[in-house]
Each structure stands twice: as structure tokens, then as C-alpha cells.
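Here's the structure we're looking at; comments come further down.
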Number of protein chains: 2
Amino acid sequence: MNKSQIKTKLTQHGHRPTASRLEVVDALLTYHGHMTADDLFEKMRDGGSNVGRMTVFRTLDLLAEIGVVRPTYGGSGAAHFVLLEDGHHHHLVCMRCSTTVEFAECSFADELSQQLANQFKFRIEGHMLEIYGVCESCQ
Amino acid sequence: MNKSQIKTKLTQHGHRPTASRLEVVDALLTYHGHMTADDLFEKMRDGGSNVGRMTVFRTLDLLAEIGVVRPTYGGSGAAHFVLLEDGHHHHLVCMRCSTTVEFAECSFADELSQQLANQFKFRIEGHMLEIYGVCESCQ
DNA sequence: CCCAAATTGATATAAAATACCAGTATGGCT
DNA sequence: AGCCATACTGGTATTTTATATCAATTTGGG
């Protein structure tokens, strides 16, 4: 998912692709997610941006609402946001040190998606597969 | 995963299955997860328990470390803990209102697990599949 | 039974998220 | 183009959530 696709998605959902919001999107794409709202805010500020902290929080919430990012809990007391490229994201996370590595392979089947959509009357838009384990250095 | 299995798992990892910890486990099993640490603490307190807030937090962290529960972010500012029955958990969550429904079907393949374990040198112990969408009443 | 080590829980502190609100920018409208 | 209602912004204050600290207590091995 690139910037212009996200911009379109904002518009489609009735939200304005304002300069501030697009700065947040740029920062997300640059740092490739997996950061807390405050981390992102600080990176942006350090990079010369004037976007306020509140706007970063609100924009991330908004992006979560339209399926661009998804908050996860890394065990650090703050939500981490991951970018849902093409609507999904998969990673391996260490149960001890929270080290996280992403991977592309996905075994989520279309038929399961369809079945769940029918059964629970949800419109399905994406998914995240999070695998837990213990990394090499924590074993 | 029942109480005695969790008790065994605590011992195996070198932790004591103390009365306080087992009270937390009982509460988790009773309310079937999907609660914040404070929610659980209050339920326990209301139920007559004298276990302290800190112990609830610490026990949940401990249980997360040994793979019994997993924190997720429900968009409420606090981590929600889900019980990983048999090491895994699958649910559908609404991107608008955060309504969550669980389901049993799982398409996570053993071969993918093996492949990831080899590739990243992780010892894999469980997973969570979180599917995003919009629920019937939010559509 | 005793002791070292683990655990507990109250309080204090820090960190994260939200509420609020006045000011600003935006898009639709004439 | 200019006006207006509405969306958005960003600072500060507040609330909520999580962690650190530490004395007291409990636990299991010897």
C-alpha cells in the first residue's frame, strides 16, 4: 500500500487527506510501522515536522479505522502500529524479549474468509497472523 | 488449557503456582479472557479476592511469557488479554467498534510453522489470527 | 525447623491515552 | 472569487494505564 492508495482510501471514507495526515503517512511508510504513536511523533519532530502529537494519535486511529494500520501490544505499555500492506501482516514475535520479525508467507484461505463473513455477517478487510515463540538468543 | 495444565506449565518454567497466581488463573478461565488487567482485578475483588492489583498485572505478564495468554490492543488504551487455548486463538474484530467474536477454525499450517522455525531459529509455541472487518451493525 | 530466594501488595512514580477547546484550514456553495 | 458550515489541528490539562520501589510475607529445599 503506497501513499496515493492510502490517500484515496481516506477520501473514500469521507476523510480529508490533509497535509498533516499525509506527513504521518509518509513517516509510517519511511519507518515501516512497528512503532508507538509517540515514537512516530518524535521521529517526525526530529525530522523537522510541525505536526502535533494529538494529530499523530488521531491520524493513527483514523488509519486503523480504515484498515491501513493495526495497533498491537508489544508488552511495552504502549500500542505499536503495524502497516497492513495489502490488508494483511504476518510476524513472529518472541515471548520473552518481544523481538519481532516479519514474513510474507500466508496460509489464510479465501474460503475461511468467506465462511466467516457469512457466519458472522462481517465485511472482512484484512488480517494479522501473529506467531509466538522464543527467539534464538532467548532460548 | 485448564487450570492444572497451566499450573504444570508454571512449574516447568520455574515459577511457583502460588495461591494468588492460581486465583488469577481461575478468574481468567471463568471470564474467558478478553479483559484488561484492571477489569480482571476488579472482577476478582468484587468476587471477594484479596489479590492485589500488582499481582494481577505481574501474573498476566508471567502467563504471557509462558504462552498462556497474549495481550492484544483493543483500541481502549489498555491491553486486553486473550487466553491461548492449546496455544492458539482466532478472532474477528470490528475495525469500528472493536466488537470481537471468536472462532475455532484455523488455517495455520504445520509446514509454515516448520519453515518459519527453520528460517528464523525460533521455537514456535503458538499463534493468534486476528481478522479485521466491519461488523453487521457498523456497516 | 530454618534460611535464602521468590513472591506479594501498598504506595509512589512514570508513561500513555484521552478530553477539551480555541484557533485554523478546507471544500461546497452561490 | 468569497462566504460559511464543517472538518481538522495542536496546545494544555486530565485521566487512565503501567511500572518501579520496597518492606513484609510466603515458599520450598536442606
Side-chain angles (χ1 to χ4, degrees), chain A residues 6-27 34-66 69-81 97-98, chain B residues 6-27 34-66 69-81 97-98:
Chain A
I6 295 171
K7 194 172 165 180
T8 302
K9 207 158 186 180
L10 276 168
T11 307
Q12 283 172 345
H13 283 82
H15 303 296
R16 295 177 183 168
T18 64
S20 294
R21 285 174 178 166
L22 294 177
E23 277 192 61
V24 175
V25 168
D26 275 333
H34 270 296
M35 305 177 76
T36 68
D38 275 318
D39 286 343
L40 199 62
F41 168 64
E42 279 168 31
K43 291 264 187 197
M44 289 172 67
R45 159 140 306 188
D46 292 350
S49 171
N50 290 317
V51 174
R53 204 180 87 102
M54 282 314 303
T55 300
V56 174
F57 271 80
R58 275 187 298 231
T59 301
L60 287 170
D61 281 348
L62 198 62
L63 293 175
E65 207 177 291
I66 65 175
V69 298
R70 176 71 196 167
T72 64
Y73 198 81
S76 72
H80 286 238
F81 289 84
C97 68
S98 294
Chain B
I6 294 171
K7 194 172 165 182
T8 302
K9 207 159 186 179
L10 276 168
T11 307
Q12 283 173 344
H13 283 82
H15 304 295
R16 294 177 183 169
T18 65
S20 294
R21 285 176 179 163
L22 293 177
E23 277 193 60
V24 174
V25 168
D26 275 333
H34 270 296
M35 305 177 77
T36 69
D38 275 318
D39 286 344
L40 198 62
F41 168 64
E42 280 169 30
K43 292 266 187 196
M44 288 172 67
R45 159 140 308 188
D46 292 351
S49 171
N50 290 316
V51 175
R53 205 179 87 102
M54 280 314 303
T55 299
V56 174
F57 271 81
R58 276 186 297 231
T59 301
L60 287 170
D61 282 348
L62 197 62
L63 293 174
E65 207 177 291
I66 64 175
V69 298
R70 175 72 197 167
T72 64
Y73 200 81
S76 72
H80 286 238
F81 290 83
C97 68
S98 295

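Predicted, not measured: the structure shown is a model, and the values here were computed from it. Below, read A as the first sequence line, B as the second, and so on, with proteins coming before strands; counting in each chain starts at 1.
- Taking atom CD of A:E65 as the reference point, atom C1' of D:dA7 lies 14 Å away to the nearest angstrom.
- For the atom pair CZ of B:F81 and CZ of B:R70, the computed distance is 9.5 Å after rounding to the nearest 0.5 Å.
- Interatomic distance, A:R45 CZ to A:E42 CD, rounded to the nearest 0.5 Å: 9.5 Å.
- Looking at heavy atoms from C-beta onward, B:E23 lies out of side-chain contact with B:T55 at the 4.5 angstrom threshold.
- Crowding of B:D38 atom CG: a count of heavy atoms from other residues, nucleotides or ligands under 6.0 Å exceeding 12.
- Atoms CZ (A:R21) and P (D:dA7) sit 11 Å apart, rounded to a whole Å.
- Minimum atom distance to the side chain of A:S20 is reached by D:dG10, of the listed C:dG9, D:dC8, D:dG10.
- The CD atom of A:E23 sits 10 Å away from the P atom of D:dT9 (whole-angstrom rounding).
- When all heavy atoms are compared, the tightest approach of B:F41 to B:G52 is CE1-C, 3.7 Å.
- Between A:L10 atom CG and C:dT26 atom C1' the separation is 15 Å, expressed in whole Å.
- If you take NE2 of B:H13 and P of C:dT7, they are 14 Å apart, rounded to a whole angstrom.
- Each of A:V24, A:D26, A:L22, A:L63 was evaluated against A:I6; a single residue qualifies, A:L63, per the side chain to side chain contact (heavy atoms under 4.5 Å, CB included) test.
- Here C:dT8 presents its C1' atom at 13 Å from CZ of B:F41, a figure rounded to the nearest Å.
- In this structure, B:F81 atom CZ and D:dT17 atom C1' are separated by 11 Å, rounded to whole Å.
- Nearest to the side-chain atoms of B:R16 among the listed nucleotides C:dT8, D:dT26, D:dG10 stands D:dT26.
- Close to C:dT8, at under 4.0 Å from its OP1 or OP2, lies a side-chain N or O of B:T18.
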Which pairs, protein N/O on one side and nucleotides 14-21 of chain C N/O on the other, fall under 3.5 Å?
residue	atom	partner	partner atom	Å
C:dA17	OP1	A:A79	N	3.0
C:dA17	OP1	B:Y73	OH	3.3
C:dA17	N7	A:R53	NH2	2.9

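- A distance of 13.0 Å separates OG of B:S20 from CE of B:M54, quoted to the nearest 0.5 Å.
- Within the 4.0 angstrom heavy-atom criterion, base atoms lie near A:T55.
- Whole-Å rounding puts the B:H15 NE2 to D:dT27 P distance at 17 Å.
- At least one donor-acceptor pair under 3.5 Å links the side chain of A:R21 to the backbone N or O of A:R16.
- Consecutive Watson-Crick or G-U pairs involving DNA chain D, each under 3.5 Å on both distances, make up stems of three or more pairs at C:1-30 with D:1-30.
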Q | A:L62 and A:L10: CA distance, side-chain angles, deciding distance, side-chain contact (heavy atoms from CB on, under 4.5 Å) verdict | A | CA-CA 9 Å; A:L62 198 62; A:L10 276 168; 3.9 Å; yes

